[in-house]
Amino acid sequence: MTIELRNVAKNVGGETHIYDTSVRFAETGFNVLLGETRAGKTTLIKLIAGLERPTSGEIWIKGRDVTTLSPQKRNVSLVHQFFVNYPNMNVFENIASPLRVAGVGRKERKRRVEEAAELMRLTPMLKRRPSELSGGQQQRTALARAIVKDSDVVLFDEPLANLDYKLREELRDELPRLLAGRGAIVVYATSEPHEALLLGGHTATMKEGRVTQFGETSKVFRQPNNLDTARVFSDPPMNAASVIKQGNEIVMDTARWRVPDALKNAPDGAYTLGLHPHTVTPVQENTEAVQVQGKVIVTELSGSESIAHFTRGGEDWVSQAHGVHAFKVGETHDFYFDAARGLYFGSDGRLVA
Amino acid sequence: MARITLDNLRHSYLPNPKSDEDYALQQIDLEWQDGGAYALLGPSGCGKSTLLNIISGLIEPTQGRILFGDVDVTNVPPAARNIAQVFQFPVIYDTMTVYDNLAFPLRNRGVGKAQVDARVREIAEMIDMTDMLNRRAANLTPDNKQKISMGRGLVRDDVNVIMFDEPLTVIDPHLKWKLRSKLRELHERINLTMIYVTHDQTEALTFADQVVVMDEGVVVQIGTPVELFERPTHTFVGHFIGSPGMNLLPCEVREGQAFFHDSHVPVEGGKTSAAGSRLEIGVRPEFVSFASEGLSVDVVKITDAGRHRIVETRAGDTAIKLFVDDGMSIPEGTAHLAFDQNRTRVYADGWLAEESR
Amino acid sequence: MAAKTENQRAWFFVIPVILLVAFNAIVPLMTVVNYSVQETFGNNQFFWSGVTWFEETLKSERFQAALGRQLLFTAIILAIEIPLGIAIALSMPRSGPWVSVCLVLMSLPLLIPWNVVGSMWNIFALPDIGLLGYTLNAMGFNYDYTQQPLAAWATLIAMDVWHWTSLVVLLSYAGLISIPDAYYQAAKIDGAGKWAVFRHIQLPKMKRVLTIAILLRFMDSFMIYTEPFVLTGGGPGNATTFLSIDLVKKALGEFDLGPAAAMSLIYFLITLLVSWLFYTVMMRNEGEES
């Protein structure tokens with residue numbers, strides 16, 4: 001009993017916003033839609049909410065074909081990036097509004113609003129108007145409104161994007177806990193890979209109107225089926241290097257190493273080696289590590305880690321390492337990576353090993 | 001270009017401030033060196049925007065002075081201060097081309113045509129927009145618009161300081177690091193004093209040589225990114241910088257030794273002088289690890305963050321988080337924790353004991 | 001497809017509106033079209049007359065004179081009200097207690113009905129008892145709008161400016177206050193003067209509302225009827241006989257239904273055409289100006 005997209009596509013005025021997409025979302029935990037701006041996340045959310053109709057295909061929610069149903073009849077909640085509250089109502093009335101519409105009795109309404117307010121730590125603010133609240137409190141109110149009714153589906157469209165860094169961290173931590181055990185299917189759109197990982201659950205990576213992969217979040221991160229997914233799910237950007245398989249060796253310019261077992265039976269030829277930035281380090285962590293040299297273009301130190309952007313063989317690389325490492329911009333440094341932790345993609349972009 | 005001095009600065013939005021609480025900005029004394037890259041970091045409402053507006057001259061402080069070099073500019077209007085500012089939302093002149101946008105500040109100051117042209121082309125090259133010079137600025141993407149805003153700040157050579165007010169707010173996450181590195185690069189190339197205001201620790205730490213952390217109108221710590229990370233002098237800094245922030249364990253101090261749940265926790269230097277009504281041990285998740293003996297805790301939650309896992313443990317009511325690298329094993333149920341002694345410290349009423357005020 | 005049935009149901013809700021529009025716009029318009037191509041001698045007998053009335057109207061000096069007066073009037077109105085409205089909007093406070101005072105003051109003239117405005121000015125400007133007329137004459141100006149064409153025009157223009165400039169002010173003001181502070185701050189820092197701020201920030205940001213203001217003021221002043229009717233009745237002579245007044249004279253005074261219908265269609269088409277021209281020109285600049 002979940003949300004199912006069956007061959008859903010959406011065209012607007014000759015432009016394709018969503019290409020033929022079929023996904024069966026997970027019933028529990030978060031379903032994260034991860035992708036850049038204009039990848040189609042918001043369109044997909046709107047399709048599920050019923051704010052837009054698919055050009056073709058069907059949408060099923062909990063065993064019911066809802067393709068033609070209006071949002072009101074789908075029992076969904078939606079939280080936007082912008083803090084959307086009724087400005088003329090106080091926090092209590094705002095949270096109570098979906099219950100009033102649903103015809104929940106006064107007493108029950110009060111109980112549930114107070115419960116939701118408590119969870120969102122809004123109890124002292126119940127009497128205030130949205131204009132008297134901080135951004136974080138406004139968004140908490142919107143979130144409380146979304147969880148107060150027993151929706152079949154709770155949709156989030158980058159709900160934390162406009163909040164302070166630390167607030168984002170807190171809410172990101174709280175949200176899965178608040179929604180657990182409510183029986184609602186949760187779909188959460190974000191453009192930050194980091195956020196997808198911390199929310200856990202399942203992730204659908206999206207690129208230019210296509211879902212490139214759907215699966216358990218950490219699996220999608222570690223074993224992306226294709227280069228697009230790997231790229232969408234990496235920040236800083238994934239390193240992609242051209243390598244050549246020659247018999248039992250992989251050759252990358254002057255560097256060469258033994259073919260990993262999984263690639264043994266693959267044909268010789270050109271492959272793309274994908275390396276997450278954290279697997280490329282400025283210190284040699286084991287003797288098997290492959291050494292490359294790169295000219296450092298930009299360095300970023302954040303106290304706990306060092307990021308170096310460098311060029312190697314005409315390609316842009318990024319290294320992300322624990323601790324503080326001194327790089328001189330414009331100079332050549334040695335970097336190391338463990339070839340066994342690399343991902344090999346074929347010329348069609350599909351993961352080979 | 002100039003050194004910036006904030007002398008005995010204080011500001012209140014109320015006409016007759018009485019108590020400390022009436023001040024949006026508590027007393028600040030600061031000196032920023034010529035050509036440095038600085039960040040003002042804090043949550044919204046911490047006073048960082050007020051401070052920024054005081055420096056740019058949009059707000060006159062209730063008390064104190066601002067000096068550019070040796071010149072007191074406290075009462076000098078913004079236009080006469082020779083500063084540049086990049087705002088949260090890109091400000092571009094819609095009706096003009098990229099070229100005219102960049103030339104605007106120079107033309108307003110009556111700079112000669114040939115000189116304008118040379119300077120505009122030089123800056124356009126720096127911000128990688130040479131091929132867009134004749135495009136209309138209104139039709140560009142947000143990141144390009146923001147680059148023009150930056151370029152307009154850089155184009156003048158008489159600028160004392162260039163200020164950034166949350167400049168990456170409207171930029172796509174995957175483009176943020178590009179603009180961030182562009183900024184670093186520009187700073188290294190032209191060596192101008194830059195002040196960057198943000199609530200985002202990553203942006204502040206990666207941009208600045210020195211970060212000023214603010215909370216509720218108070219400067220809680222000034223330091224390099226490494227200092228802020230390795231030795232926060234206030235629990236707020238420990239909490240605000242780092243994700244997740246520093247673990248705080250309520251403790252007792254007996255004869256200079258710290259005890260948490262009656263077990264002894266060795267701290268930096270072997271001894272602490274902390275005394276106060278609220279005593280806490282602070283240690284970052286990065287400096288906690290599983291061990292065969294030590295503080296006993298329950299493992300409650302494991303979050304896979306990709307390159308490492310964040311493990312949440314509990315000792316009684318106190319949550320203690322730690323990082324475990326990819327590939328390392330995590331014990332189930334009950335486990336023991338060890339703290340890196342050199343990065344474990346006692347805080348009294350929020351302040352690091354050795355440096356309490 | 002099920003989706004289609006829903007779409008068809010949506011049409012249901014549109015039907016009342018279509019009926020309403022048909023009743024009060026399309027049906028009367030078609031009647032006028034009908035009249036414009038027919039000849040009648042009363043007795044409800046009609047004969048097909050083709051485009052005779054159109055030719056006649058377009059060639060008639062009376063029509064051309066009325067059209068000329070109309071265009072001149074509208075041009076003067078726009079030339080005064082738009083800049084004046086912008087200037088007033090620019091000088092209004094953007095925050096503080098005076099904002100609401102200014103807004104109320106500005107809205108007052110808009111609340112007064114056309115015929116009342118006409119009557120007010122009619123009395124106000126009378127040379128013997130009106131405050132304005134009397135004062136002007138007392139000051140040595142020979143002013144009598146019932147006798148002098150120039151005085152009649154001046155009074156009409158003053159009246160329209162008084163009545164409608166506030167509309168331009170309110171629209172411009174709405175455009176102005178929507179400009180984020182950051183723009184002004186950036187301009188200050190860039191060293192831009194007042195004129196540069198107006199030319200490069202305020203004017204471009206006001207463009208959309210100004211387009212609406214110009215369109216509204218054009219259409220309204222081009223179709224002006226009540227005010228000259230009440231003030232001068234089209235006189236002295238034909239000095240203030242604008243298109244609408246001429247049309248009414250023809251249709252109801254002389255009962256020339258055919259030519260009147262042709263004339264009103266031409267009138268309608270001119271209004272439509274000029275509005276469209278204004279709109280496209282202003283909106284094209286929106287996209288391409290450099």
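Lettering follows sequence order; numbering is per chain, from 1. Values reported hereafter were calculated over all heavy atoms of this structure, with side chains retained and with hydrogens, waters and symmetry mates removed.
We find the OG1-NZ distance between T95(B) and K207(C) to be 8.0 Å, quoted to the nearest 0.5 Å. If you take CD on Q85(B) and CG on D190(C), they are separated by 10.5 Å, rounding to the nearest 0.5 Å.
The two residues V91(B) and Y183(C) have their closest heavy-atom pair at CG1-CD2, 3.5 Å. Considering all non-hydrogen atoms of both residues, A196(C) and F104(B) come closest at CB-CZ, 4.0 Å. Across F87(B) and A186(C), no two heavy atoms sit closer than the pair CE1-CB, 3.6 Å.
More than 12 heavy atoms of other residues, nucleotides or ligands lie within 6.0 Å of NZ in K182(B), so this atom counts as buried by the packing criterion. Surrounding NZ of K188(C) are at most 12 heavy atoms belonging to other residues, nucleotides or ligands under 6.0 Å away. For D70(B), the CG atom is loosely surrounded, since the number of other residues' heavy atoms within 6.0 Å does not exceed 12. Under a cut-off of 6.0 angstrom, the local environment of CG in L150(C) is sparse, with at most 12 non-hydrogen atoms contributed by other residues, nucleotides or ligands. Other residues, nucleotides and ligands contribute more than 12 heavy atoms inside 6.0 Å of the OH atom of Y13(B).
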(request) Run the numbers on K205(C) and D94(B) for side chain to side chain contact (heavy atoms under 4.5 Å, CB included), then give the verdict. (result) CA-CA 9 Å; K205(C) 296 277 173 201; D94(B) 290 346; 3.0 Å; yes
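Interface residue R156(B): only side-chain heavy atoms are found under 4.5 Å from chain C.
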